[in-house]
Structure formats: C-alpha cells, structure tokens
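Below, chains carry the letters A, B, ... as their sequence lines are ordered, and counting in each starts from 1. Keep in mind that this is a model prediction, so the values were computed, not measured.
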There are 2 protein chains.
Amino acid sequence: MSVAHTQVTPQAGGPCGDDDCGIREVLDRIGDKWTVLVVMELSKGVRRFRELHRAIPGISQRMLTLTTRRLCRDGLAERTAYPTIPPQVEYHLTPMGRSLAEAVRQLADWSREHKDGMQEARARWDAEHPDEG
Amino acid sequence: MSVAHTQVTPQAGGPCGDDDCGIREVLDRIGDKWTVLVVMELSKGVRRFRELHRAIPGISQRMLTLTTRRLCRDGLAERTAYPTIPPQVEYHLTPMGRSLAEAVRQLADWSREHKDGMQEARARWDAEHPDEG
DNA sequence: CCGTATCCCTGTCGATACTG
DNA sequence: CAGTATCGACAGGGATACGG
C-alpha cells in the first residue's frame with residue numbers, strides 16, 4: 001500500500017496492521033441472527049434447551065438446535081444430556097465462550113451508548129436526502 | 001420470565017439485564033460483509049473512494065458505495081466531495097465512527113486470541129462426529 | 001423434551017454495463 | 001474517478017410436520 005497515513009489516529013499502528021485483522025473471522029461466526037443471543041443467555045448460567053427457547057423470543061427449535069450445536073463444535077459451549085424421561089439437555093459456556101460473551105458485551109455497551117447518536121444522524125440524513133430509495 | 005438464575009456468573013447482573021441488550025442492534029449494522037472492513041480502513045485515516053476500493057480486496061464498486069453511504073447516513077463517517085476533474089471524494093470517520101472502530105478492534109483481538117482454540121475444538125468435534133452433514 | 005427433515009421465501013451480494 | 005442500474009445466484013432462516 002502506497003497511501004500516505006494522513007491524520008492517522010493514535011492507535012492506528014496497532015494489531016490490525018495494514019490488512020484484514022481477525023475481524024471478519026469473528027463476524028462470520030457470531031454475525032448470524034441468533035448466536036450472540038444464545039451466548040448472552042448462556043453467560044447467565046447453565047440453561048436447558050427449553051429455557052433457551054423461552055428466553056430468546058422468536059427463535060425456532062431448528063435454529064436453536066443449529067446454533068447450540070455450532071457453539072459446541074467451536075468449543076464455545078458444552079452439552080450435557082441426561083438420559084431421563086423425558087430427555088433433559090443442559091448447555092453451558094466454556095471459558096472460551098465466557099470470554100467471547102465478555103467481548104460481545106463490550107460491543108453491546110457501544111451500541112447502547114451510541115444508539116441515540118445514530119438515530120439522530122439518520123434522521124438528519126433522511127431529511128437532507130428526500131430521494132428515498 | 002420465570003426461570004431461576006442458577007449458577008449465575010458474577011457479571012450477569014450487568015447492563016444486559018434479562019432481555020436482549022443492544023447487541024442485535026450493532027450486529028444488524030456492522031454484521032454485513034463489508035462495513036467493518038471499511039471502518040477499519042478508515043480508522044487509519046482519510047481515504048478516497050479508490051483507495052478504499054484497492055485496500056479492501058474483493059469489494060465491488062457497488063458494495064463500496066452502499067457501505068460508505070450507510071456509514072455516512074448513520075453518522076459514523078463523513079464524505080467530502082471536491083468538484084475537480086476528475087472528481088475526488090474523501091471519506092473519514094466521525095468521533096462516533098472512531099469509537100466504533102475501537103470497539104470492533106477489541107472483538108478482533110478476541111478473534112486472534114482464540115482462533116487456534118476454536119480450530120482445535122472443531123477438529124476434535126469433527127473427529128468425534130463422523131456424520132458429516 | 002429434544003432433535004430432525006423438508007420446503008420455500010427473502011435479503012444480500014456479485015457481475016456487468018452504463019452515466020456525469 | 002465516483003456513482004448508478006439491472007439482473008440473478010445463493011445462503012440464511014421461517015413454517016411445518018415428524019421421530020426417538
């Protein structure tokens with residue numbers, strides 16, 4: 001890259017270097033519709049399948065199954081099945097999963113802090129750009 | 001919600017409460033394929049359209065236009081057009097955009113730290129679950 | 001209770017060609 | 001150089017019904 005670093009921010013020389021840092025990697029994992037919600041719910045403690053289902057409005061059985069399985073596959077959660085009748089399955093975060101929950105929580109903090117600012121910016125933009133499309 | 005909070009983690013009583021915190025809001029903004037890459041590139045300093053295009057491999061003109069415009073609309077970036085010939089357009093992050101870049105960088109840090117761990121977990125899982133689907 | 005299978009709809013994005 | 005317009009592919013995910 002031959003561009004000049006004009007007006008660079010202080011932390012620009014950080015871990016991201018010049019190229020794509022790991023940012024797309026995470027988003028490819030957690031950027032889907034349900035993963036973060038399941039992670040956040042599990043960050044509160046052990047949960048059964050049905051508890052997750054009720055705690056996360058709108059999720060279907062299918063998507064909850066797929067989401068929990070991917071979390072287990074990636075070592076972010078673990079599954080414990082008790083061979084009772086009726087069956088009982090519990091999920092809990094691994095240490096890695098808890099560290100992800102913490103990182104995600106920071107992003108959620110940003111969201112709540114700047115929700116209003118973005119809302120206003122959008123209102124301004126839409127007022128100045130009447131061509132809705 | 002009538003679920004009992006068994007084995008709750010220490011930080012569970014935090015800003016997320018019992019419900020969806022702002023986490024889906026952010027991901028609905030930045031969870032797309034290109035936004036974070038543009039933000040990260042702009043976090044290094046002012047960039048022209050063409051510079052962004054070259055710095056972000058694989059992005060099309062169309063997607064770069066759409067992405068930058070949404071950033072401007074949400075007050076995360078600003079656009080400066082110089083009526084020269086040929087045209088020249090510069091983009092830069094607003095303070096709000098820079099704060100987003102910082103939050104995103106933290107998530108990227110998590111990604112790089114745990115990339116290997118997830119890779120291994122997945123290898124283990126795939127070994128124990130020969131039924132590929 | 002927990003998980004699977006099937007069908008289909010929708011949004012997101014890529015490719016391409018064209019304007020000021 | 002920067003942006004627009006059109007078309008089509010493809011994956012994510014919703015609805016539903018079924019199985020252990």
Side-chain angles (χ1 to χ4, degrees), chain A residues 2-3 20 24 26-38 41-42 46-74 77-92 125 128-133, chain B residues 2-3 20 24 27-38 41-42 46-73 77-92 125 128-133:
Chain A
S2 55
V3 297
D20 179 10
R24 282 285 354 138
V26 227
L27 288 181
D28 286 343
R29 295 287 149 199
I30 71 164
D32 67 294
K33 193 168 180 182
W34 301 110
T35 294
V36 288
L37 297 178
V38 173
E41 183 60 26
L42 285 179
V46 176
R47 289 290 184 277
R48 296 183 51 176
F49 186 91
R50 182 142 237 264
E51 290 173 334
L52 288 171
H53 198 195
R54 309 193 87 138
I56 302 172
I59 195 171
S60 63
Q61 280 198 351
R62 168 187 147 84
M63 289 315 295
L64 183 52
T65 300
L66 291 176
T67 304
T68 51
R69 185 186 300 142
R70 284 204 326 218
L71 289 175
C72 291
R73 186 167 108 105
D74 293 348
E78 273 167 0
R79 197 185 101 118
T80 316
Y82 301 97
T84 58
I85 292 186
Q88 180 165 345
V89 177
E90 285 179 354
Y91 295 93
H92 65 94
W125 174 280
E128 296 169 5
H129 299 259
D131 30 329
E132 45 176 353
Chain B
S2 56
V3 297
D20 180 9
R24 283 285 355 139
L27 288 180
D28 285 343
R29 297 283 149 200
I30 72 165
D32 68 295
K33 193 168 180 181
W34 300 111
T35 294
V36 287
L37 297 178
V38 173
E41 183 61 26
L42 285 179
V46 176
R47 289 291 185 277
R48 297 183 50 176
F49 186 91
R50 182 141 240 264
E51 291 173 334
L52 288 172
H53 198 194
R54 310 193 85 139
I56 301 171
I59 195 171
S60 64
Q61 280 197 350
R62 169 187 149 84
M63 288 316 295
L64 184 52
T65 300
L66 291 177
T67 303
T68 51
R69 184 185 300 141
R70 289 212 337 242
L71 289 175
C72 292
R73 187 168 109 104
E78 274 167 0
R79 198 186 100 120
T80 317
Y82 301 97
T84 58
I85 293 189
Q88 180 164 345
V89 177
E90 284 179 356
Y91 294 92
H92 65 95
W125 174 280
E128 296 169 5
H129 299 259
D131 30 328
E132 45 177 351

Separation of [X] atom [atom1] from [N] atom [atom2], in whole Å?
X: B:Arg48; N: D:dG3; atom1: CZ; atom2: P; value: 11 Å
X: A:Arg54; N: C:dC2; atom1: CZ; atom2: C1'; value: 15 Å
X: B:Leu64; N: C:dG14; atom1: CG; atom2: C1'; value: 14 Å
X: B:Gln88; N: D:dA2; atom1: CD; atom2: C1'; value: 11 Å
X: B:Met63; N: C:dT16; atom1: CE; atom2: P; value: 17 Å
X: B:Leu66; N: C:dG11; atom1: CG; atom2: P; value: 15 Å
X: B:His129; N: C:dT4; atom1: NE2; atom2: P; value: 11 Å
X: A:Ile85; N: C:dC1; atom1: CD1; atom2: C1'; value: 11 Å

Can you confirm whether [X] sits close enough to [Y] that some side-chain heavy atom of one is under 4.5 Å from a side-chain heavy atom of the other?
X: B:Thr68; Y: B:Val89; result: no
X: B:Glu90; Y: B:Arg47; result: no
X: A:Met63; Y: A:Lys33; result: no

Does the D:dG3 base have a donor-acceptor partner in the side chain of B:Arg62 within less than 3.5 Å? no

Nearest to the side chain of A:Trp34, heavy atoms from C-beta on, is which of D:dG14, D:dA2, C:dC13? D:dG14

Proximity to the side chain of A:Arg69 - top-ranked nucleotide from D:dC1, C:dC13, C:dT4: C:dT4

Interatomic distance, A:Glu41 atom CD to A:Tyr91 atom OH [nearest 0.5 angstrom]: 14.0 Å

Nearest 0.5 Å, what's the CD1-CG distance between A:Ile59 and A:Leu64? 4.5 Å

Which residue lies more 5' along DNA chain C, comparing A:Val89 with B:Gln61 via nearest heavy atoms: A:Val89

Can you work out whether A:Thr65 or A:Pro87 has the more 5'-proximal nearest nucleotide on DNA chain C? A:Pro87

Comparing nearest nucleotides in DNA chain D, the 5'-proximal residue of the pair A:Gly58, B:Thr68 is B:Thr68

Taking any heavy-atom pair under 4.0 Å as a contact, classify B:Tyr91: base, sugar-phosphate, or nothing. sugar-phosphate

